[in-house]
K.L.:
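If you scroll down you'll find the structure; I have some questions about it.
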Amino acid sequence: MKHTLVALVENEPGVLNRVASLFRRRNFNIDSLTVGRTENPNISRMTIVLDSNVTRVYQVEKNLYKLVNVISVQEVTQRPFISRDLALIKVVCAPEVTATAERFGARVLDQTDGMCVIEFAAEESRVEELVEALRPFEIVELVRTGVVAMGQGGVVTRVEPDWATA
Amino acid sequence: MKLTGAEIIWECLVREGVEYVWGYPGGAILPTYDALSKYQNKIKHVLVRHEQGATHMADGYARATGKVGVAMATSGPGATNMVTGIATAMMDSSPIVCITGQVASGVIGSDAFQEIDITGITLPITKHNFLVTDLRELVTTLRKAFFIARSGRPGPVLVDVAKDVQNASIEFEYPTDAIRLPGYRPAQSASVQQIERAVEMLLKAKRPLILAGHGVNMSGAERALLTLAERGHIPVALTLLGKGAVPESHPLCLGMMGMHGGASVNQAIQGADLLIACGMRFDDRVTGNLKTYSPNSKKIHIDIDASEINKNVKVDVGIAGDLRTVLEQLLPHVPVMQHDEWMSEIREWQRDVDHRDIVNQTPPTDKLFAAHAIRDLWKATGGNALVVTDVGQHQMWEAQYYLHERPRTLITSGGLGTMGFGLPAAIGAKMGCPNDHVWAIVGDGGFQMTLTELGTAAQENININVAIINNSYLGMVRQWQEFFYEERYNATPMHNPDFCKLAEAYGIAAIRVTNRAQIPEAVAKAQSINGPTVVEFRVEEADIVYPMVPAGADLHNMIRRPNNIPDFTESH
């Protein structure tokens, strides 16, 4: 089963390296890992998707906590949450391509030299469906950001104003 | 007052209560070594012969005293030479701080002379590490380094300081506010529910057993653990690093568990209906085959590191917290109990072990067995020495035949199994505990990996005794070859130098022991000399550490010592 973890980390050089090194060292396989800024300039936010059993996910969580720069880790999968994966798909232009994009609610972002770039942000599985639908039209290039996730409503992952001090 | 970065490093060390720094100078750390002149009355620097030695000395000091050990080296090869020592400290949760010089910040990344990415290299083998390229961050970073090293589950921290940071000056003010580490919150105590569940299991148990590990000593939980054992009438099995957690002469102390543990101890683990694991991590060397490990027991696991809970062995109650705190939470709920039937069953197993034990047999007087050498060393030192071992057969014999009554009196590389650890760690331990008789027990193989530190011991006149258990083999590997590789002794016989002459070349007194009768006098003489000594024990070449659980085998399927002592001269 897929599990999505959200980790808040100190915005410092080398933190991504520490997290990546941990996954490699402990032999944790990850589906995707994204990192970006948050509402707080000192904090970065990572979304980590794992295809693992619960015990393994617990281990990942506990090991992430051991990293000094990791402030909090939450598994959002347990509670109501939304997630998005952003894809840019370059396809040889054809009327069916535009039609397929429209059917999915994706946007044609660019048309140059006979190629279209389609932009699509949706749940991971929905992105995969679009990619499959476009495959017959010769996909020239494809890039995806990996999943970002957020709890719904009151399910909030952020750093409390009174950061624990030692 | 304006100070240079180099001076600030020493100022911080003084404020952290550092007594000793073990290190080796070089280009990128030279400004700091230059500033040492001003601090020599406050901190003693010890020049080692190899940076690995510095890290093991800091480690030995840390394990003997519970304080943070400090090692220092230059960039590049100086820093990479520390890697083995840092990894050793990491695997055994030993608090050390390593300070390395780095090339000037402006040239980092240019492959400058002696530049190496040591924070990158040590990332997976440190608890945390830092690269300091801004002088304004130096004080805060060093404070964090010491705090992280000694708190929670202790471990090594490396601070890499660019050379220009050491040279530059800044107004120095030592902060008094709390250290800010928002993501660092070591586990503390158990919840009420966890204690309730643990007590419930304890009250139901008919065959309970405590597994005591390194965490007992690290959290100072010896008293609480002994109270639990005595009040609950619960026997205690020790991990290698748990030796000293309870006095080994105590009737409830069963001795060491695991691959070379007592057969009766492993039988008790397999037969228990409740395991209370205290500050240990179910390493593969103590569990054997996980599928058949202690199959009928409920398990309570108390450890400071939450990621150890359910890592190897699935437990019924996992408590992440400081062991002493958790035991003190537990104790008020523990009534006086009796488990006489269980204890007498264990005693029966112990009788069989005693019957087979080589120390209870009388071999020919012209032969010296390592087991006897170590048992006699135990007797001759009154069982009260601080022993530091290397890694291999002698290490296991020490664990079996040197009984420890006090915590922090056996220092040994358990997790990483680092050959070459013994001699330098003994130097550090002795400097930390000058009033203890310190014995380094080493094999002829491991000793030769770091024997260069005899130079350090001689120069500083460190009063340690080095017992070389010399069987002219890499004995533990040889043992595996005998059991599992059809006696193909590839790359294990050793042609050794004359260790006594070697010691004498360093100006170190040396004694050779070739039979059992010489041991008491040799030990007494070695201990009477004020300065380092070497005692070489020429032991049987082909002896085996019994019992043995083959790697990955069931814990109860041990290879036991045959009832009679074999005549090894014929097997050659």
K.L.:
How far apart are the closest heavy atoms of B:Ala306 and A:Lys62, and which atoms are they?
P.N.:
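The pair with the smallest heavy-atom distance is CB-CD, 3.6 Å.
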
K.L.:
Measuring from A:Arg18:CZ to B:Thr119:OG1, what's the distance to the nearest 0.5 Å?
P.N.:
7.5 Å

K.L.:
By a 4.5 Å heavy-atom criterion (distance strictly below it), what part of A:Arg25 contacts chain B: side chain, backbone, both, or neither?
P.N.:
side chain

K.L.:
Does atom CD of A:Glu132 have more than 12 heavy-atom neighbours from other groups under 6.0 Å away?
P.N.:
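Yes, CD of A:Glu132 has more than 12 neighbouring heavy atoms, counting only those of other groups under 6.0 Å.
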
K.L.:
At what distance, to the nearest 0.5 angstrom, does OH of A:Tyr65 lie from OG of B:Ser307?
P.N.:
13.5 Å

K.L.:
Taking all heavy atoms of B:Leu181 and all of A:Val68, pick out the closest pair and write down the distance.
P.N.:
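Closest approach of B:Leu181 to A:Val68: CD2-CG1, 3.8 Å.
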
K.L.:
Tell me, for A:Val70 versus chain B, whether the close heavy atoms (under 4.5 Å) come from the side chain, the backbone, both or neither.
P.N.:
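Just its backbone gets close to chain B.
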
K.L.:
Does any backbone or side-chain atom of A:Leu67 lie under 4.5 Å from a heavy atom of chain B? Answer side chain, backbone, both or neither.
P.N.:
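A:Leu67 touches chain B through backbone heavy atoms alone.
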
K.L.:
What do you reckon, is NZ of B:Lys311 surrounded by more than 12 foreign heavy atoms closer than 6.0 Å?
P.N.:
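Check passes, neighbour count above 12.
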
K.L.:
Within the side chain of A:Glu10, is there an N or O that forms a donor-acceptor pair under 3.5 Å with the backbone of B:Gly183?
P.N.:
no

K.L.:
For residues 89-98 of chain A, run the donor-acceptor check on the side chains, cut-off 3.5 Å, and write out each pair with its distance to 0.1 Å, sequence neighbours left out.
P.N.:
| residue | atom | partner | partner atom | Å |
| --- | --- | --- | --- | --- |
| A:Lys90 | NZ | A:Glu141 | OE1 | 3.1 |
| A:Thr98 | OG1 | A:Ala94 | O | 3.4 |

K.L.:
Using every non-hydrogen atom in the two residues, find where B:His128 and A:Asn69 come nearest and quote the distance to one decimal.
P.N.:
CE1-OD1, 3.2 Å

K.L.:
Pick one of side chain, backbone, both or neither for B:Ile309, based on which atoms fall under 4.5 Å of a heavy atom in chain A.
P.N.:
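Looking at B:Ile309, just its backbone touches chain A.
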
K.L.:
Sort B:Asp177 into side chain, backbone, both or neither according to what part of it lies under 4.5 angstrom from a heavy atom of chain A.
P.N.:
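Neither part, no heavy atoms under 4.5 Å.
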
K.L.:
Is the number of heavy atoms from other residues, nucleotides or ligands within 6.0 Å of CZ (B:Arg143) greater than 12?
P.N.:
yes

K.L.:
Mind checking the NZ-CD spacing from A:Lys66 to B:Glu308? Nearest 0.5 Å is all I need.
P.N.:
6.0 Å

K.L.:
Write down the atom of A:Ser72, the atom of B:Arg185, and the distance for their closest heavy-atom approach.
P.N.:
N-NH2, 4.5 Å

K.L.:
Mark yes when over 12 heavy atoms from residues, nucleotides or ligands other than B:Arg136 sit less than 6.0 Å from its CZ; otherwise mark no.
P.N.:
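Counting neighbours around CZ of B:Arg136, 12 or fewer heavy atoms of other residues, nucleotides or ligands fall under 6.0 Å, so no.
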
